[in-house]
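Report on the structure given below.
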Amino acid sequence: MAQPRIFEDDERILTKQFDIARTELKGAPYEIHAAYVIQKMISKNYITNAGKMIEYMKQNGASPDVVLALDRAYQRLAHLSLGAIARDFTCADSLGNPVSLSSLKGKVVYIDFWASWCGPCRKEMPYSRMLIDSYQKKPDTFLIVTIDTDKANWKRAMKQEKLNGIHLIDTKGWQSSILKDYNFTSIPHYVLIDASGRIVNADAPRPSGGAYGAIKQLLSDRK
């Protein structure tokens, strides 16, 4: 599998920026930079560490107004932090049968949110096939949820991609409540959930990145 790509707003880089701010800056410059990093963390679904950063600021004399504003933003998405129960949703499969996330409890679930018209989503599909094939005999589930509004386009894309897994569709598209619950505005987007139905990573690595290792680690932890 390919090595993970490092982006400017990668969690490790943002965490390092926060550490630099708290050790090298004081007063307003520190609070401004720390608040920017935390807001960026929240926007990228790095909720768990964002909460820890807010607590650090609270315990180390940051302005109450700044802490309050950050904490409000955090609390709106605290349900995506590590160990939180994943919010349930139900979508239809290709036969029109409803399938809920909660019905998969007991298995590690890797969710792929995509659409047939999404170029970056389709580019990930070869890596998804390799990822799924490598875990065929493991106790996990690959849930592939499209936000296509046209079922015909979705079904055609499924045939083209020949991707194993549970395929679901939410025809509400960008108006789907799932997008709001899982805090993403672009696709592809991935979420990793453990066998007890709890969030492991609300912005999980792509199949072309570190998904293989993340799933392997999670399965190893269950032994």
Side-chain angles (χ1 to χ4, degrees), residues 5 7-11 14 38-48 50 72-81 84-104 109-129 131-132 141-193 197 199-209 211 214:
R5 290 172 292 175
F7 296 92
E8 183 179 358
D9 54 0
D10 182 276
E11 186 172 17
L14 288 169
I38 292 170
Q39 290 283 13
K40 195 74 172 178
M41 296 279 282
I42 292 172
S43 73
K44 290 291 295 178
N45 279 358
Y46 303 141
I47 309 301
T48 306
R72 283 175 176 170
Y74 165 74
Q75 291 299 334
R76 286 195 293 271
L77 296 172
H79 63 277
L80 294 177
S81 59
I85 296 175
R87 288 194 173 176
D88 197 18
F89 60 84
T90 301
C91 295
D93 64 15
S94 59
L95 297 177
N97 299 315
V99 178
S100 65
L101 175 63
S102 58
S103 70
L104 303 175
V109 180
Y110 181 74
I111 310 176
D112 175 350
F113 292 102
W114 75 296
S116 63
W117 44 259
C118 169
C121 300
R122 302 294 289 267
K123 286 181 179 178
E124 286 293 318
M125 291 305 180
Y127 298 101
S128 293
R129 282 194 292 274
L131 178 65
I132 292 171
T141 297
F142 292 89
L143 190 58
I144 305 154
V145 183
T146 183
I147 60 169
D148 273 281
T149 55
D150 188 310
K151 292 182 181 179
N153 288 342
W154 168 54
K155 290 182 178 181
R156 184 164 48 250
M158 281 197 299
K159 284 185 178 181
Q160 292 169 345
E161 297 298 346
K162 299 177 181 178
L163 199 64
N164 291 321
I166 299 175
H167 288 267
L168 305 179
I169 184 169
D170 187 338
T171 55
K172 294 179 182 177
W174 291 115
Q175 303 307 311
S176 168
S177 61
I178 301 172
L179 278 69
K180 182 178 180 181
D181 282 346
Y182 284 85
N183 192 39
F184 64 96
T185 56
S186 64
I187 51 176
H189 183 80
Y190 305 90
V191 177
L192 184 58
I193 298 170
I199 296 287
V200 175
N201 193 334
D203 188 26
R206 293 186 175 197
S208 63

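Along the sequence shown, residues are numbered consecutively beginning with 1. From a predicted model like this one, the values you see are computed outputs, not experimental measurements.
I187 is listed as a side-chain neighbour of I147, based on a closest heavy-atom distance under 4.5 Å. Between D203 and H189, the closest side-chain pair of non-hydrogen atoms falls below 4.5 Å. In this structure the side chain of W154 never reaches within 4.5 angstrom of the side chain of T149, judged on heavy atoms. Using a 4.5 Å heavy-atom threshold, the side chains of W174 and L179 count as touching. Residues T141 and Y110 fail the side-chain proximity criterion, which asks for heavy atoms closer than 4.5 Å. For the pair D181/F89, no side-chain contact is recorded, criterion being any heavy-atom separation below 4.5 Å from C-beta on. Inter-residue side-chain proximity for M41 and N45 is flagged as unmet; no heavy-atom pair is nearer than 4.5 Å. For the pair L101/I193, a side-chain contact is recorded, criterion being any heavy-atom separation below 4.5 Å from C-beta on.
A pairwise comparison of heavy atoms in K162 and K159 identifies CG-O, 3.2 Å as the closest pair.
Residues satisfying the salt bridge (Lys or Arg N to Asp or Glu O under 4.0 Å) test with R122, not counting sequence neighbours, are E161. When the side chain to side chain donor-acceptor pair (under 3.5 Å) test is applied to T48, no partner is found at least two apart in sequence or on another chain. By the salt bridge (Lys or Arg N to Asp or Glu O under 4.0 Å) test, D93 pairs with no residue at all, sequence neighbours left out. S103 pairs by the side chain to side chain contact (heavy atoms under 4.5 Å, CB included) definition with V99, S100, not counting sequence neighbours. Listed by chain and number, the residues in a side chain to side chain contact (heavy atoms under 4.5 Å, CB included) with S43 are K40 (sequence neighbours excluded).
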Next on the checklist: Set out, in order, the CA-CA distance, both residues' side-chain angles and the distance that settles side chain to side chain contact (heavy atoms under 4.5 Å, CB included) for I178 and C91, then state yes or no.
Outcome noted: CA-CA 10 Å; I178 301 172; C91 295; 3.7 Å; yes
Item to check | Working for side chain to side chain contact (heavy atoms under 4.5 Å, CB included), residues R206 and Y127 | outcome: CA-CA 9 Å; R206 293 186 175 197; Y127 298 101; over 6 Å; no
Item to check | I169/K151 under side chain to side chain contact (heavy atoms under 4.5 Å, CB included): CA gap, chis, key distance, verdict | outcome: CA-CA 8 Å; I169 184 169; K151 292 182 181 179; 3.8 Å; yes
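S81 contributes atom OG, which lies 7.5 Å from atom CD1 of I47 (distance to the nearest 0.5 angstrom). Here the CD1-OG distance, from I144 to S128, works out to 7.0 Å after rounding to the nearest 0.5 Å. Atom CD of Q75 is separated from atom CD1 of I42 by 9.5 Å, given to the nearest 0.5 angstrom. Taken from CG in L163 to CG in L131, the straight-line distance is 9.5 Å, to the nearest 0.5 Å. With rounding to the nearest 0.5 Å, the separation of NZ in K180 from CG in L77 is 10.5 Å. Here the NZ atom belonging to K44 is positioned 15.0 Å from the CD atom belonging to Q39, to the nearest 0.5 angstrom.
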Taking distance alone, no hydrogens or angles, what donor-acceptor pairs closer than 3.5 Å link side-chain atoms of residues 111-121 to residues at least two apart or in another chain?
residue	atom	partner	partner atom	Å
S116	OG	D148	OD1	2.6
S116	OG	D148	OD2	3.4

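Under the 3.5 Å distance criterion, the side-chain polar atoms of Y182 are matched with a main-chain donor or acceptor of R87. A donor-acceptor pair is defined here as one N or O able to donate and one able to accept, closer than 3.5 Å; such a pair exists between the side chain of E124 and the backbone of S208.
In Q175, the CD atom is not crowded: 12 or fewer heavy atoms of neighbouring residues, nucleotides or ligands sit closer than 6.0 Å.
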